[in-house]
**Q** 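Take this structure, written in structure tokens, and hold onto it; I'll ask about it next.
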Protein chains: 2
Amino acid sequence: MTDDKSRRDAAEHLALALTQSGMQRMAARVLAAFLFTDEPSLTAGDVAKQLDASAGSLSGAIKLLDALGMVERVPVPSSRSEHFRMRAEPWADLYSKQNTVIDLILQSTDRGIAAVDDGPARQRLEHMRDFYTFMLSEIPALLERFEARRAK
Amino acid sequence: MTDDKSRRDAAEHLALALTQSGMQRMAARVLAAFLFTDEPSLTAGDVAKQLDASAGSLSGAIKLLDALGMVERVPVPSSRSEHFRMRAEPWADLYSKQNTVIDLILQSTDRGIAAVDDGPARQRLEHMRDFYTFMLSEIPALLERFEARRAK
DNA sequence: GCGAAGTTTCGGAATTTTCTGAAGACTATC
DNA sequence: GATAGTCTTCAGAAAATTCCGAAACTTCGC
């Protein structure tokens, strides 16, 4: 099946938006390729050809997307190459990956609180800790609510 | 008042964590300086000296933090230089800034949905749109709940 | 106005990130 | 176990980001 131009344009456009949200450029383009295909699976070679990128880039990008849980390997016995496709419900998982970053910030904040005596700085840091702790505790429930709504 | 070593270490540590979450390096360091000070306000020169950074860098970093709503100008009539301090409750605001990015992703997703006929790709894109639309709608309520809890 | 202190802007340098191309490793088939 | 196709790794190159320093601009006090 051949992608028409407006489809590819839209894919590149979305890749750009994902890039601006912090994702690596090539990883974003590869993800868009998986998002926009009607094929049941793609190989690294397929995507490389489609995006006119090197095999090396694809290897790195797919490795990242796999680690993020955005794509998964598809077993295809009679093929020599690895086949990949997007995971079914990757967005909630992707979002909860941010928790790792928030955890890091929280640890540093705690360290800061331990390092300063009571005063304006201490108050500020405690407020910061309260906020991120709250977010960290609420996000799982938020994602569950989305799943629940979706199930209906 | 002079910052002791453990305080500065903690500040640099937190700056590093913020950097890893996507913030510019110097902006993160400047933000940490404002977080950890007990002074009512700091000038660009104060921070430059403390961080051993150039006036040019400070200008850019403070401009960014100001645009993000993390710091604000403090009027100090009898001083020639601009004084800054952290805003009181910047975290919720900072978080809702992400909505801008999500909006961008949503626009690109809609464009993609318009570009493809019904099929697996279309389904995938619609699911993606549903997720981000949900998050966008829920985040304000989440932030309000934090404020409410905090007020008590 | 004039001078001093502070801030912003801008070009260039340096660091970091990212991509490619080539070489080596792996796997399935024969 | 040889071979052909595919993937991964690595070093170097290209590109982007970030920082600094100098110069221009603004503001305040005199």
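Each chain gets a letter, A, B and so on, in the order its sequence line appears, and its residues count up from 1. For clarity, every value in this text was computed on a predicted model and none was experimentally measured.
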**Q** If you check the B/Ala53 side chain, which of D/dC20, D/dT6, C/dT20 turns out closest?
**A**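 The answer is D/dC20, which lies nearest to the side chain.
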
**Q** Should we say atom NE2 of B/His13 is surrounded by more than 12 heavy atoms from elsewhere, each under 6.0 Å from it?
**A** no

**Q** Give one of base, sugar-phosphate or nothing for A/Ala44, where a contact means two heavy atoms less than 4.0 Å apart.
**A** sugar-phosphate

**Q** Please tell me which of the listed nucleotides, D/dC7, D/dT8, D/dC19, lies nearest to the side chain of A/Ser59?
**A** D/dT8

**Q** Both A/Gln24 and A/Ala55 contact DNA chain C. Which one's nearest nucleotide lies toward the 5' end?
**A** A/Gln24

**Q** I'd like to know if B/Arg85 and B/Glu39 make a salt bridge, using a cut-off of under 4.0 Å between side-chain N and carboxylate O.
**A** no

**Q** Between C/dT9 and B/Lys63, is there an OP1 or OP2 to side-chain N/O distance shorter than 4.0 Å?
**A**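 Affirmative; the distance criterion is met.
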
**Q** Where the side chain of A/Ser57 is concerned, which of C/dC19, D/dT6, D/dT8 is the nearest nucleotide?
**A** C/dC19

**Q** Does a side-chain N-to-carboxylate-O contact under 4.0 Å join A/Asp38 and B/Arg122?
**A**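 Salt bridge between A/Asp38 and B/Arg122, a charged N being under 4.0 Å from a carboxylate O: no.
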
**Q** What nucleotide, of C/dG6, C/dT8, D/dC19, holds the atom closest to the side chain of B/Ser81?
**A** C/dG6

**Q** Is it the case that the side chain of B/Arg29 and the backbone of B/Leu16 share a donor-acceptor pair, with hydrogens and angles ignored and the cut-off at 3.5 Å?
**A** no

**Q** Which nucleotide in the set C/dT9, D/dC20, C/dT20 lies at the smallest distance from any side-chain heavy atom of B/Met26?
**A** D/dC20

